[in-house]
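Input: a single structure, listed below in structure tokens.
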Amino acid sequence: MFIGAHEVTGSNGQVFGIDPATGEQLDPAFGGATPADLERACALAAEAAEPFAALAPAKRADFLESIAEKIMALGDDLIVRVMQESGLPRARLEGERGRTCNQLRLFAGVLRAGHYLDVRIDPALPDRAPPRPDLRVANEAIGPVAVFGASNFPLAFSVAGGDTASALAAGCPVVAKAHPAHPGTSELIGRAVRDAVAAAGLPEGVFSLIMDSGHAIGAALVADPRIKAVGFTGSRRGGLALLEIARQRAEPIPVYAEMSSINPVVLFPRALAEKAEATAKAFVGSLTLGAGQFCTNPGLVLAVEGEALDRFVIAAGEALTTLPAQTMLTPGIASAYREGVAALTGHADVEIVARGAEGGQHGGQAGLFVTSAEAFLAHRELQDEIFGAASLVVRCPDLATLGTVIDALEGQLTAAIHIVPADEPAAADLLPRLRAKVGRLLVNGYGTGVEVAHAMVHGGPYPATSDARTTSVGSLAIARFLRPVCYQDMPEALLPDALKQANPLGVPRLVDGAMQAG
Ligand SMILES: NC(=O)C1=CN([C@@H]2O[C@H](COP(=O)(O)OP(=O)(O)OC[C@H]3O[C@@H](n4cnc5c(N)ncnc54)[C@H](OP(=O)(O)O)[C@@H]3O)[C@@H](O)[C@H]2O)C=CC1
Ligand SMILES: O=C(O)CCC(=O)C(=O)O
């Protein structure tokens, strides 16, 4: 672990990585944090909060870029360890490393551009009746943030992933809790961040990495009064547990939890008639990407029954049958997947369309299933997330019933519609109902492979996330860790640089309601 600058082997139980391909326990043993380790990490984070928040944005940008450089400098040692701990293939992990570093660089750009500060100045109007005071507002860091690394993206959603990058960009110290599925990866990345903190001459409490051999330390981290927000990606049960801890604190805090989503894909009739087979092939590619271990995985297909949907189902089934099983991330995730699929196959109203090949100790065998709209509407459990490469096709008698199915859905990260121009009137009717459910609507594609960009939303209504107003991917993610602070009639010398009259940071500002470039 890294408790500030210090390398610490915890003495509170042990955490081992497991090679999911073989089930073999990987050396070395990592030690779990003691309450004293956690206390020190939180105390250091609290000490670092003010100086880190006050650091010039351009310096924080340099720091984020330096983390990216240090991650790249880990070279193949990093990739080899992540492969061992996750069972994910090299090409995917090299891509994920690139995404992780680009995410850090994206936030460096955000800091240099300055829009994130959302500076607004309403100059005093002393002659108005009543007089208006001088009002200046800018976003400021919320304080230390707890980040829970996700199992399924050991780099891009983990120790130096999107939550950490956006919190550090906002000027918030981070106490990261490693996911126990990849302790070795977490140590390597943690060292890169710790070294970047030292190289930038920042207070050591800007970053700590803790391990937990059970739930107690993670829970105590969320409960610690010095922590002001939490970032989490994982199960609904885990996210809700952390939300409950945060709610019961003397000072409740926001928990930004990204949890479960089945990402409906709506196949409109004309598109289905024109391109059922090609759509099915692309669908199976997205469904089985990374053994289906994406929260953006297309777990639900909605369409009007008929010959065109039959063609889609047959083509998707044929594509899926030929696929080998893929090693899942952990023994626990593989068995949860098998249980989820068993519940579906045992359901009286669900038919099996096709299964992929079996294989491997923790192999995920892909599956495609079909049910009726009537059964889907009657059985709420049919929309539970099955984390892995399983999807359910819901045959609807008509578009009106398809709309009713959409209305019955829980909140989702994404929904995809497949259309040709002749479907647009029907799509226009259903879009408002879909929009009410999701954070991102996409056309003729699938939600897997989220672009890290300024206009991305990786969020959505509960249970996709705990706060539909936010995103965990893309530059808007920084907003989760900022809060507006207004200065009224503050003397120039006491104002933060972002709000000084001469605009020393050169940031864009809304002055008396008019936008001024930086
Ligand atoms: N939709 C999605 O994006 C994802 C969904 N999942 C789902 O989650 C299941 C389990 O996967 P996993 O990644 O381990 O997700 P979990 O939600 O179980 O765990 C994620 C992190 O939260 C911690 N945690 C969970 N519950 C608590 C608690 N009550 N108190 C304190 N800390 C807690 C875990 O710690 P520890 O493990 O040490 O207990 C871990 O660090 C999968 O089978 C899948 O169903 C998983 C990943 C992504
Ligand atoms: O699809 C992606 O690229 C990201 C998916 C994701 O956020 C997740 O699985 O947790």
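Counting convention: from 1, in listed order, for ligands and their atoms alike.
Residue R99 touches ligand 2 through its side chain alone, judged by heavy-atom distances below 4.0 Å. At a 4.0 Å heavy-atom cut-off, ligand 2 touches V450 through backbone and side chain alike. Under 4.0 Å from ligand 1, the heavy atoms of L242 that appear belong solely to its side chain. Only the side chain of E385 comes within 4.0 Å of ligand 1, judged by heavy-atom distances. By the criterion of a heavy-atom distance under 4.0 Å, neither the backbone nor the side chain of Q293 is placed next to ligand 1. Within the 4.0 Å heavy-atom criterion, the part of P180 lying near ligand 1 is the side chain and not the backbone.
With a 6.0 Å radius and a threshold of 12 heavy atoms from other residues, nucleotides or ligands, R469 has its CZ atom at or below the threshold.
A donor-acceptor contact under 3.5 angstrom links the side chains of S158 and H182, judged on distance only. Side-chain contact of R480 with S166: a donor-acceptor pair under 3.5 Å is present, judged by distance alone.
Of the N or O atoms in F153, none lie within a sub-3.5 Å distance of an N or O in ligand 2. Considering backbone and side-chain atoms alike, C295 places an N or O below 3.5 Å from some N or O of ligand 2. For ligand 2, the polar-atom distance check against H458 finds a nitrogen or oxygen pair separated by under 3.5 Å. Residue contacts with ligand 1: S261 is placed with no nitrogen or oxygen under 3.5 Å of a nitrogen or oxygen of the ligand (distance criterion only).
The closest approach between a heavy atom of A150 and any atom of ligand 2 is not below 4.0 Å.
Atoms of ligand 2 lying under 4.0 Å from at least one heavy atom of T448, given by number and element, are 1 (O). Using a 4.0 Å cut-off to heavy atoms of G238, the atoms of ligand 1 that qualify are 17 (O), 25 (C), 26 (N).
The residues E277 and K281 are annotated as not salt-bridged, no charged nitrogen and carboxylate oxygen being separated by less than 4.0 angstrom. Residues D195 and K70 are not paired through a salt bridge, judged by the lack of any N-O separation under 4.0 Å between the basic side chain and the carboxylate. Under 4.0 Å is where a charged nitrogen must lie from a carboxylate oxygen, and between E39 and R226 at least one such pair does. Remark: R99 does not engage E96 in a salt bridge, criterion side-chain N to carboxylate O under 4.0 Å.
Sorted by first and then second residue, the pairs that involve residues 221-257 and meet ring pair (Phe, Tyr, Trp, His ring centres under 6.0 Å), not counting sequence neighbours, are Y256-F481.
Atom 1 (O) of ligand 2 has its closest protein heavy atom at T296 OG1, 2.7 Å. Closest to atom 22 (O) of ligand 1 among all protein heavy atoms lies F232 CE1, 3.2 Å.
Judged by distance alone, with hydrogens and angles left aside, the side-chain atoms of E7 form no donor-acceptor pair with the main-chain N or O of M1 at under 3.5 Å.
Partners of S391 under the side-chain contact (heavy atoms from CB on, under 4.5 Å) rule, at least two apart in sequence or in another chain, are F283, L287, V301, L368.
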